[in-house]
Q: 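Below are the structure tokens for one structure; questions will follow.
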Amino acid sequence: MQTRCATAVSCPNIAFIKYWGNRDDGLRLPANGSISMNLAGLETVTSVTFDPQRREDEFIFDGVPQAGPALARVTAQLDRLRGRAGSSVKARIESRNNFPLGAGIASSASGFAALTAAGAAALGLNLSERELTILARRESGSASRSIPAGFVEWYAANADEDSYAETIAPPDYWALADVIAILDSRPKKTGSAEGNRLARTSPLQAARVADAPRRLEICRRAVRERDFPALAEIVEEDTRRMHAVMRTSTPALNYFAPATEELMRAIPAWRTEGLPVAYTIDAGPNVHCLCPEDSAAEVERRLREIPAVERVLTARPGGGARVIEG
Ligand code: DP6
């Protein structure tokens with residue numbers, strides 16, 4: 001057998017309604033459904049080369065060979081794909097991000113979406129988009145949402161085959177922007193995989209999960225009707241609920257920097273003044289400022305005036321994972 005290679009590109013996504021906690025950790029079946037927007041311009045590019053001569057998988061990330069848990073997760077994901085293809089051939093995986101790792105821009109989402117798409121293509125697996133979202137989900141929940149394009153919903157379910165993600169509106173449906181205030185680009189101390197396992201230790205998680213269908217419905221409708229005021233209220237509420245769970249887990253998790261809280265006060269005040277913008281925050285200190293595209297320049301300007309903001313990145317609604325070679 002010859003070497004077989006494929007390359008895929010994928011973008012991270014920002015959740016409007018968050019995934020936090022699993023009903024089944026082993027299968028990564030989420031406690032609640034979630035909705036997100038892919039972030040154009042932020043990219044992971046991953047090449048997978050299966051080589052019969054190889055004795056181990058090798059994973060190079062941003063030019064640096066990886067070992068330990070990072071390599072183990074990549075191998076676990078390729079094992080799922082190899083299982084499907086009836087193959088045991090090892091691979092070299094080379095991956096690059098054009099955005100900072102591990103600081104609340106979901107790099108595991110774009111990473112495992114690109115890896116799943118490239119690995120499946122290199123093995124000659126002919127999988128539907130839905131099957132790819134299910135496979136991506138198994139190693140990183142939010143990765144399932146980076147496979148389809150645009151605005152995406154990932155469904156909670158009790159069975160592996162029912163927890164998939166699909167586009168609810170294409171990227172050009174709504175001219176939104178995510179203006180990301182980077183407060184700290186260092187990797188976080190507790191990764192989301194561990195954080196997700198702690199969610200059930202919070203007494204607030206059950207209430208957050210029970211109310212999720214209501215938040216999902218409001219968010220779906222806001223996207224469908226391009227209703228920014230409704231989106232603003234529901235994404236901020238959902239963010240506060242998730243961080244309340246994190247902060248009341250055992251051990252407690254607090255991903256905020258002091259300036260995160262400063263922005264959580266400033267942004268709703270800007271909205272009251274008439275600037276349409278809303279915050280949402282993942283498992284990191286950075287603040288994603290959602291706004292209509294024509295307000296992005298003013299949001300960027302205001303963020304740059306805040307000394308704790310290291311950098312501002314702006315992303316528009318992005319496409320899905322795609323194989324660019326192989
Ligand atoms: C806070 O998908 O990164 O970003 O499944 O362990 O990879 P793993 O966790 P991950 O968790 C994402 C959590 C979040 C919210 C979200 O994106 O929905």
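Ligands are counted one by one from 1 in listed order, and the atoms in each one are counted from 1 as well. All values below were derived from every heavy atom in this structure, side-chain atoms included, with hydrogens, water molecules and symmetry-related copies excluded.
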Q: Does Ile14 approach ligand 1 within less than 4.0 angstrom via side chain, backbone, both or neither, non-hydrogen atoms only?
A: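 Answer for Ile14: neither.
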Q: Only heavy atoms of Ala15, strictly under 4.0 Å: list the atoms of ligand 1 that pass.
A: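 Selected atoms, number and element: 16 (C), 17 (O), 18 (O).
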Q: So, Asp238 and Arg241, do they make that salt bridge, N to O below 4.0 Å?
A: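 No salt bridge links Asp238 with Arg241.
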Q: Is there a donor-acceptor pair closer than 3.5 Å between any side-chain N or O of Asp178 and the backbone N or O of Leu290?
A: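 No, because the side chain of Asp178 does not come within donor-acceptor range (under 3.5 Å) of the backbone of Leu290.
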Q: Please state whether Ala283 comes within less than 4.0 angstrom of ligand 1, counting heavy atoms only.
A: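 In this structure, Ala283 qualifies as a contact of ligand 1 - some heavy atom is under 4.0 Å.
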Q: Within less than 4.0 angstrom of ligand 1, does Glu194 place any heavy atom?
A: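 No, that is not the case, since the closest heavy atom of the residue is not under 4.0 Å from the ligand.
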Q: Check this for me: does any side-chain nitrogen of one of Arg214 and Glu217 sit under 4.0 Å from a carboxylate oxygen of the other?
A: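 No, no charged N to carboxylate O under 4.0 Å.
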Q: Answer yes when Arg240 and Glu237 have at least one side-chain N-carboxylate O distance shorter than 4.0 Å, and no when they do not.
A: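 Not counted as a salt bridge, because no side-chain N and carboxylate O are separated by less than 4.0 Å.
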Q: Work out whether the distance between some heavy atom of Ser108 and some atom of ligand 1 is less than 4.0 Å.
A: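 Checking ligand 1 against Ser108, which is what was asked, there is a heavy-atom contact under 4.0 Å.
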Q: CD of Glu56: more than 12 outside heavy atoms within 6.0 angstrom?
A: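 It does not: Glu56 CD has 12 such atoms or fewer within range.
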Q: Counting each atom of ligand 1 from 1 as listed, which ones have a heavy atom of Ala193 under 4.0 Å away?
A: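 Listed by number with element: 6 (O).
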Q: Does ligand 1 have any atom sitting under 4.0 Å from a heavy atom of Arg73?
A: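 It does, in that a heavy atom of Arg73 comes within the 4.0 Å cut-off of ligand 1.
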Q: For ligand 1, is there an N or O atom under 3.5 Å from any N or O atom of Ser192?
A: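 N/O-N/O distance below 3.5 Å exists for this pair.
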Q: Is there at least one pair of N or O atoms, one from Ile17 and one from ligand 1, spaced under 3.5 Å apart?
A: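 For ligand 1, there is no N or O atom that lies under 3.5 Å from one belonging to Ile17.
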Q: With a cut-off of 4.0 Å, which atoms of ligand 1 are near a heavy atom of Ser142?
A: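 In order of numbering, the contacting atoms are 2 (O), 3 (O), 10 (P), 17 (O).
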Q: Give a yes/no verdict on a cation-pi contact between Arg226 and Tyr173, requiring under 6.0 Å between NZ or CZ and the six-membered ring centre and an angle within 45° of the axis.
A: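 Yes, Arg226 lies over the aromatic ring of Tyr173.
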Q: For residues 212-244, which residue pairs pass the ring pair (Phe, Tyr, Trp, His ring centres under 6.0 Å) check, not counting sequence neighbours?
A: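 Listed once each, the pairs are His243-Phe256.
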Q: Return a yes/no value for Trp20: is any of its N or O atoms, backbone included, closer than 3.5 angstrom to an N or O of ligand 1?
A: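 It does not: no N or O of Trp20 is found under 3.5 Å from an N or O of ligand 1.
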Q: Quick one: do Asp227 and Arg221 make a salt bridge, cutoff under 4.0 Å?
A: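 Yes, Asp227 and Arg221 are salt-bridged.
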Q: With nothing but distance in play, are any N or O atoms of Arg28 less than 3.5 Å from an N or O of ligand 1?
A: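 For ligand 1, there is an N or O atom that lies under 3.5 Å from one belonging to Arg28.
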Q: Would you say Met242 and ligand 1 have an N/O pair spaced under 3.5 Å apart?
A: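 Met242 vs ligand 1: no N/O contact under 3.5 Å.
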Q: For the pair Ser128 (side chain) and Glu131 (backbone), establish whether a donor and an acceptor sit closer than 3.5 Å, ignoring hydrogens and angles.
A: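 Confirmed, Ser128 side chain pairs with Glu131 backbone.
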Q: Could you tell me which residues satisfy side chain to side chain donor-acceptor pair (under 3.5 Å) with Thr44, sequence neighbours excluded, listed by chain and number?
A: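 Here the qualifying residues are Asn97, Ser110.
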Q: Regarding atom 17 (O) of ligand 1: of the candidates Lys18, Arg145, Met246, which has the closest heavy atom?
A: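 Minimum heavy-atom distance to atom 17 (O) of ligand 1 goes to Arg145.
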Q: Where does Ser140 meet ligand 1, judged by heavy-atom distances below 4.0 Å: at the side chain, the backbone, both, or neither?
A: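 Both the backbone and the side chain of Ser140 come within reach of ligand 1.
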Q: Do any N/O atoms on Tyr19 end up under 3.5 angstrom from N/O atoms on ligand 1?
A: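 Yes; at least one N/O pair falls below 3.5 Å.
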